[in-house]
J.: 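Sharing a structure below in structure tokens format, with a few things to ask.
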There are 2 protein chains.
Amino acid sequence: MIVRDLNDLKGTERAVSDAKWTSYRLLLADDKMGFSFHITVLEAGSEHTFHYKNHFESVYCMKGKGSITDHGTGETHEIKPGVMYALNLHDKHTLRAEEELHMACCFNPPVTGNEVHQADGSYAAPDDAPAIS
Amino acid sequence: MIVRDLNDLKGTERAVSDAKWTSYRLLLADDKMGFSFHITVLEAGSEHTFHYKNHFESVYCMKGKGSITDHGTGETHEIKPGVMYALNLHDKHTLRAEEELHMACCFNPPVTGNEVHQADGSYAAPDDAPAIS
């Protein structure tokens, strides 16, 4: 059994910050669960466009308020506690935080922890897994 | 993109209750994400022994207070907001809710929604996946 406290990850390499968001990687690929699990905090007033061409991701809102726009359909959905979105079609999307958002995120394949967002908003596929899209 | 609100699942077949817990299945196997994602609420004062022989599960505490005992090692860990446990060894465990617990749970392989807890505390392996243990 692995037991980890988000508060113990602050200041470690498992707490990753980029422009206006911080992600706490509670599970990564080397934990061998078949998925990774992150808590991500997005700054109030921030807007983020991502396109995970090589990963499926689900995101559950625990706290805060915002919206998500699906670039494929043009639809915008409200984000509030209790709402989950799942990028089952590797959907390119824009997430907006009206208030600070606290999100619980699962990735398949699991993130290794070494990825950076590429210019197209994606993470590269892991070396040991074929690209999905 | 799939968007679901936990509050819309109440009273549907995606809200599953057993003795002293309710699980809201926001993602199941047929969503084809490669994992399932559930929000589970455990009643204050309740105690639960599970042994997922055929699944990996991670559980993140969003709200409440309790403890978990790993039957393999005998160790007991505090459960509070920010703490995650991951059953990477299919660990038999007892979870206690001192206060009502709100947990975000990921399963691999994904739960189909038709499982029931068997006498040994496990879910059966999905028909279309080999048993892991």
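Per chain, numbering begins at 1; letters A, B, ... match sequence-line order.
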J.: Rounded at 0.5 Å granularity, tell me how far CZ in A:F37 sits from SG in B:C105.
T.: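 If we round to the nearest 0.5 Å, A:F37:CZ and B:C105:SG are 9.0 Å apart.
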J.: Could you check which of B:G34, B:C61, B:G82 has the highest count of heavy-atom pairs closer than 4.5 Å to chain A?
T.: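 Winner by heavy-atom pair count: B:G82.
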J.: For a quick check, list the donor-acceptor atom pairs closer than 3.5 Å between chain B and chain A, or say none.
T.:
residue : atom : partner : partner atom : Å
B:M1    : N    : A:N88   : OD1          : 3.3
B:M1    : N    : A:D91   : OD2          : 2.8
B:I2    : N    : A:A86   : O            : 2.9
B:I2    : O    : A:A86   : N            : 2.8
B:R4    : N    : A:M84   : O            : 2.9
B:R4    : O    : A:M84   : N            : 2.8
B:L6    : N    : A:G82   : O            : 2.8
B:M33   : O    : A:N108  : ND2          : 2.9
B:G82   : O    : A:L6    : N            : 2.8
B:M84   : N    : A:R4    : O            : 2.8
B:M84   : O    : A:R4    : N            : 2.9
B:A86   : N    : A:I2    : O            : 2.8
B:A86   : O    : A:I2    : N            : 2.9
B:N88   : OD1  : A:M1    : N            : 3.3
B:D91   : OD2  : A:M1    : N            : 2.8
B:N108  : ND2  : A:M33   : O            : 2.9

J.: For chain B, which candidate among A:I79, A:L6, A:V59, A:L9 shows the most heavy-atom pairs at distances under 4.5 Å?
T.: A:L6
J.: Is it the side chain or the backbone of B:L87 that comes within 4.5 Å of chain A heavy atoms, both, or neither?
T.: both
J.: Just give me the residue among A:I68, A:V3, A:L89 that pairs up with chain B most often, heavy atom to heavy atom, under 4.5 Å.
T.: A:V3
J.: Step by step, would you call B:M84 with A:I2 a side-chain contact (heavy atoms from CB on, under 4.5 Å)?
T.: CA-CA 8 Å; B:M84 177 218 66; A:I2 299 165; 4.3 Å; yes
